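All values reported here derive from a predicted model rather than from experimental measurement.
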Amino acid sequence: MSNLLEVRDLHVTFRTPDRIVHAVNGVSFDVKRGETLGILGESGSGKSVTLRSILKLHPTHRTRWSGSIRLEGDEVLDMTGSVLADLRGNRVAMIFQEPATAFDPVFTVGHQIAETIKRHTGKSETDAWARAKDLLEMVRIPSPAQRLKAYPHEMSGGMRQRAMIALALSCNPSLLLADEPTTALDATVQIQVLLLIRELQRELALGVIFVTHDIGVAVEVSDRIGVMYAGKLVELGGVEQMVDAPRHPYTRGLLASTVHGGMRGRRLEAIPGAPPDLAEVPAACSFAPRCKYVEPKCLAAPPPLTAATEGHLVRCVGRIDTLAA
Amino acid sequence: MAIQSPSLDLTAGAGTGVRLTPVAITRGYWQSVARRLRRDPVTLVCGVVLLLVVASALAAPWLGLSDPYKTSMIRRLYPIGSPNFLLGTDELGRDMFSRLIYGGRLSLFMGVTPVVLALLIGGFLGITAGFLGGRVNMLIMRIMDVFYAFPSVLLAISLSGAMGAGAENTLLALTLVFIPPICRVSESVTTQVRGFDFVEAARASGAGTLTIVRVHVLGNVLGPILVYATSLISVAIILAAGLSFLGLGVKPPEPEWGLMLNTLRQAIYVNPVLAALPGVMIFITSICFNLMSDGLRAAMDVKA
Amino acid sequence: MDSVLSVDRGGPAQPLLLAKNLRKHFPIPGGLLGRATRVVRAVDDLTLSVAKGETLGVVGESGCGKSTVARLLMRLIKPDRGTMILDGDPVDEPHGITVNELRRHVQMVFQDSYASLNPRLTIVETLAFAPKAHGLPHAEARGRSRDLLAKVGLEPDTFADRYPHELSGGQRQRVNIARALALRPRLVILDEAVSALDKSVEAQVLNMLVDLKDEFGLTYVFISHDLNVVQYLSDRVLVMYLGKIVEIGDVEAIYGKPQHPYTRALLSARPTMDPRRRTQEAPIQGDPPNPIDPPSGCRFRTRCPFAESVCAGTEPVLADTGKQSVACLMYVPGSGHSKAA
Ligand SMILES: Nc1ncnc2c1ncn2[C@@H]1O[C@H](COP(=O)(O)OP(=O)(O)OP(=O)(O)O)[C@@H](O)[C@H]1O
Ligand SMILES: Nc1ncnc2c1ncn2[C@@H]1O[C@H](COP(=O)(O)OP(=O)(O)O)[C@@H](O)[C@H]1O
Ligand code: SF4
Ligand code: SF4
Ligand SMILES: [Mg+2]
Ligand SMILES: [Mg+2]
């Protein structure tokens with residue numbers, strides 16, 4: 001399988017009135033066609049910034065990018081103007097946590113989907129509406145013909161999220177970016193939307209990057225999972241490798257501190273401390289202040305991302321295996 | 001997050017699990033605001049200009065300026081840069097520089113006083129309406145809406161017209177004009193603050209209404225209300241000048257920018273630059289108040 | 001400042017808090033002149049008791065009325081009807097205790113750690129606010145606040161004089177918990193108190209909640225939409241759907257043998273955490289209906305896989321089925337449901 005997307009050594013820095021934020025500090029990964037890459041991390045770890053960089057969605061005057069993002073061989077970071085617009089509209093689609101912001105409240109959902117289709121494909125009014133109806137059917141919205149005439153506020157949260165997915169897919173993108181699309185949804189609705197994304201991904205052979213802070217959700221949808229900490233991928237591997245044999249101390253800590261049924265009555269293994277401030281470029285392992293395996297060489301230089309086993313990358317120089325979890 | 005001392009980090013890693021690394025040095029809210037203001041050149045420049053205008057107006061009698069009332073039929077409408085008359089003379093031969101400085105006294109007074117009065121009254125009403133909500137809110141805000149329905153210029157003109165010309169009546173009219181907008185803004189920020197969980201938490205702790213308003217509401221609403229009021233000063237200066245210009249405000253021969261603009265009308269063909277000077281003062285002062293209000297607003301918007 | 005009420009009065013068998021038939025309907029301003037024509041049925045005839053020293057978990061989807069229950073129990077909002085009894089004393093009634101006394105013994109932690117701290121006050125000022133409002137002298141209130149900070153794992157010297165925006169989410173939530181403890185309450189209501197925290201920080205705070213409960217002899221009402229966390233912490237669990245209790249019982253019974261179709265759906269909607277046994281089918285379809293016009297009869301019937309025509313006409317009431325109580329016609333003998341005995 002060829003790589004749909006190749007991200008190499010991506011750095012993203014923001015200038016704010018108060019300070020500089022090093023939000024992403026050297027992230028590299030690939031996404032193949034028909035594959036779902038889950039990106040897991042805590043708040044502020046740089047998941048959304050990474051994702052939005054693929055569309056260059058950050059304000060250009062305050063943002064500095066370096067590294068490379070190649071979509072089907074084309075360098076995204078060099079794109080501007082109509083090429084960038086084509087990337088955003090036709091090749092890559094994005095769905096967000098809050099679907100309310102994706103729709104304009106004054107037009108019906110059908111109108112907005114049909115408009116988007118017309119703009120990007122030049123289809124006629126009737127054809128565009130027919131396609132919009134097919135799309136709503138595809139995202140399993142009941143009685144789609146009627147729902148086309150609904151305004152966004154007339155839909156429930158789960159329904160709006162489905163409609164947003166329909167809107168995102170209206171232009172046949174090859175890559176779908178999902179930024180916590182189910183976080184705001186209720187448990188019983190979340191699982192429906194997760195299953196929908198999984199099915200659509202398979203049916204349409206989409207490449208998907210699914211950002212989440214919930215391990216359970218990541219395991220449910222991903223083929224591979226990358227774990228981010230302080231603007232870096234600290235571990236990247238197949239979903240089974242990650243669940244069965246996590247290697248980075250942070251990933252292990254995250255799994256150990258995620259509460260599940262069997263833990264009743266036991267004390268939770270919390271990771272002490274809090275994530276670092278991103279005002280400085282890290283000169284050592286960013287996780288060192290919270291890591292129980294820390295040793296002098298962890299502090300000498302930022303550890304590189306190395307292959308522990310086939311397809312399983314870890315950014316850690318500690319002797320974690322001998323110390324055991 | 002600097003990692004300099006390995007030994008220290010080792011203890012943190014093996015720590016009890018509750019020792020958290022400090023995020024930043026403590027800095028109070030107003031300190032952060034001041035720091036942000038210092039980095040904002042536009043606001044700084046506006047502040048300095050305003051300071052100059054206000055200080056010179058206040059200190060006018062002691063600056064050794066020539067008498068702003070002294071007319072002379074011989075030296076009427078001297079151009080800018082004439083010897084002894086830096087900015088020339090007006091249509092009655094009075095020293096323009098002196099009159100512009102003295103004019104600031106009245107103009108600023110007429111601009112600031114009604115806003116301060118309206119701030120006291122409108123702020124009180126708005127915060128009360130916002131905090132108590134319900135029927136009290138309904139009553140206060142409906143009354144405000146009635147006034148709000150008229151454009152402020154029209155309201156000011158009709159009130160002044162009804163009460164007759166004169167500085168006091170202008171002040172009164174302008175105060176009345178500014179109460180509704182200040183009340184509205186106060187009400188909306190208070191309603192917003194009241195909805196925050198920390199006010200709910202304070203209620204949950206059994207504290208009385210007045211204590212909650214004093215500790216939790218005022219501290220959070222005064223800033224935005226003051227910022228808004230600052231932006232109104234420019235409007236007040238323009239309105240006061242406008243009323244004087246129309247003959248509804250200050251009466252001649254008082255130096256006041258609006259009135260000066262009016263009386264210099266006749267000179268517009270003879271010396272248009274001179275005739276425009278009071279307008280320039282009005283423009284500079286009000287734009288400075290406005291920009292400063294914007295700068296304050298931005299500086300006070302300290303997010304997490 | 002510790003009143004006589006702080007001590008246990010009715011003995012261990014008397015519930016700490018008893019709420020009977022609580023109801024809260026919020027009017028929706030709409031019609032002419034702001035007249036409310038319709039209502040949100042946020043909480044409908046809810047009866048519950050909280051035993052001394054237990055943790056009662058409350059779960060349900062968003063909008064089902066969890067926060068409204070919390071605010072009713074603290075009397076931050078007045079119930080339309082219903083009564084509350086705190087350790088034998090009726091609340092807000094002629095011979096009972098006042099709302100203010102109730103609030104001294106029942107405290108609450110909110111979900112949004114940032115919105116629940118006054119951005120203009122330092123941490124120690126926030127913590128000292130309630131004790132001072134209850135008449136404790138300034139110095140003593142600050143002293144107590146610093147002790148509390150240490151109790152929630154924040155070094156007083158480092159954190160006392162900081163402002164909320166200088167703390168991380170986890171640190172802020174610790175401060176909120178400390179504030180809730182400042183009046184030495186007996187019952188603490190935690191409304192989604194850990195939901196906004198990252199997993200690694202959530203675990204720290206959960207451990208701390210367990211410690212504080214032991215140390216101060218607290219009773220918790222723990223509200224969350226996260227079923228795993230509720231299972232971890234609670235002794236008994238209450239499941240809500242559209243303003244009503246659908247099932248309540250011991251944590252083992254609810255998680256081990258859930259009976260109400262909704263409870264079962266909620267539990268099986270949890271991600272499996274096992275890539276080899278991923279969920280293949282959603283347990284129920286659709287979204288929760290609008291609480292403005294809840295379905296007639298059983299409110300769950302529009303999504304219930306077992307719904308029958310009786311469910312539209314008869315409203316099930318909570319009935320004891322041994323280890324738990326369930327509101328479903330399948331468990332009511334002779335109800336007319338084909339699965340009923
Ligand atoms: N436009 C911006 N300007 C300045 N800083 C930013 C900007 N966008 C993000 N950041 C900072 O970059 C860091 C990473 O942010 P990001 O939004 O990627 O986090 P995340 O992993 O998506 O977290 P969450 O789970 O909270 O969504 C944070 O410290 C954030 O404050
Ligand atoms: N002050 C209020 N005014 C009107 N409706 C409200 C108010 N508070 C809550 N509601 C409504 O009551 C229902 C239950 O809300 P809530 O108790 O906050 O739910 P939960 O905490 O379970 O998410 C929701 O439909 C909500 O919109
Ligand atoms: S490199 Fe060292 S400090 Fe960093 S995670 Fe590995 S063992 Fe811990
Ligand atoms: S009463 Fe009927 S609709 Fe309601 S939960 Fe039971 S079976 Fe389902
Ligand atoms: Mg994000
Ligand atoms: Mg809630």
request  = Give, for atom CZ of C/F129 and atom CZ of B/F198, the distance between the pair rounded to the nearest 0.5 Å.
outcome  = 10.5 Å
note = Separation between CE (C/M74) and CZ (B/R203), nearest 0.5 Å, reads 10.0 Å
message = For the backbone of B/A204 and the side chain of C/Q107, can you confirm whether one donor and one acceptor N or O come within less than 3.5 Å of each other?
response = yes
Which atoms of C/R75 approach chain B - backbone, side chain, both or neither, heavy atom under 4.5 Å = neither
message = If I measure from the heavy atoms of chain B, does C/L117 come under 4.5 Å with its side chain, its backbone, both, or neither?
response = backbone
inquiry  = Checking the side chain of C/R104 only, and the main-chain atoms of B/G206 only, is there a donor and an acceptor separated by less than 3.5 Å?
reply    = no
remark   = Looking only at B/T211, B/N220, B/I212, B/V193, the option with the highest number of non-hydrogen pairs under 4.5 Å against chain C is B/N220
request  = Could you tell me which portion of C/N100 (side chain, backbone, both or neither) has an atom closer than 4.5 angstrom to a non-hydrogen atom of chain B?
outcome  = side chain
ask   = Which distance, rounded to the nearest 0.5 Å, do you find between the CE of C/M108 and the CG of B/D197?
value = 7.5 Å
inquiry  = Treating B/H216 as the side-chain partner and C/L121 as the backbone partner, does any N or O pair qualify as donor plus acceptor under 3.5 Å?
reply    = no
query = Under 6.0 Å from the CZ atom of C/F216, do we count more than 12 heavy atoms belonging to anything else shown?
reply = yes
ask   = Below 4.5 Å, heavy atoms only, C-beta onward: do B/E200 and C/R71 meet side chain to side chain?
value = yes
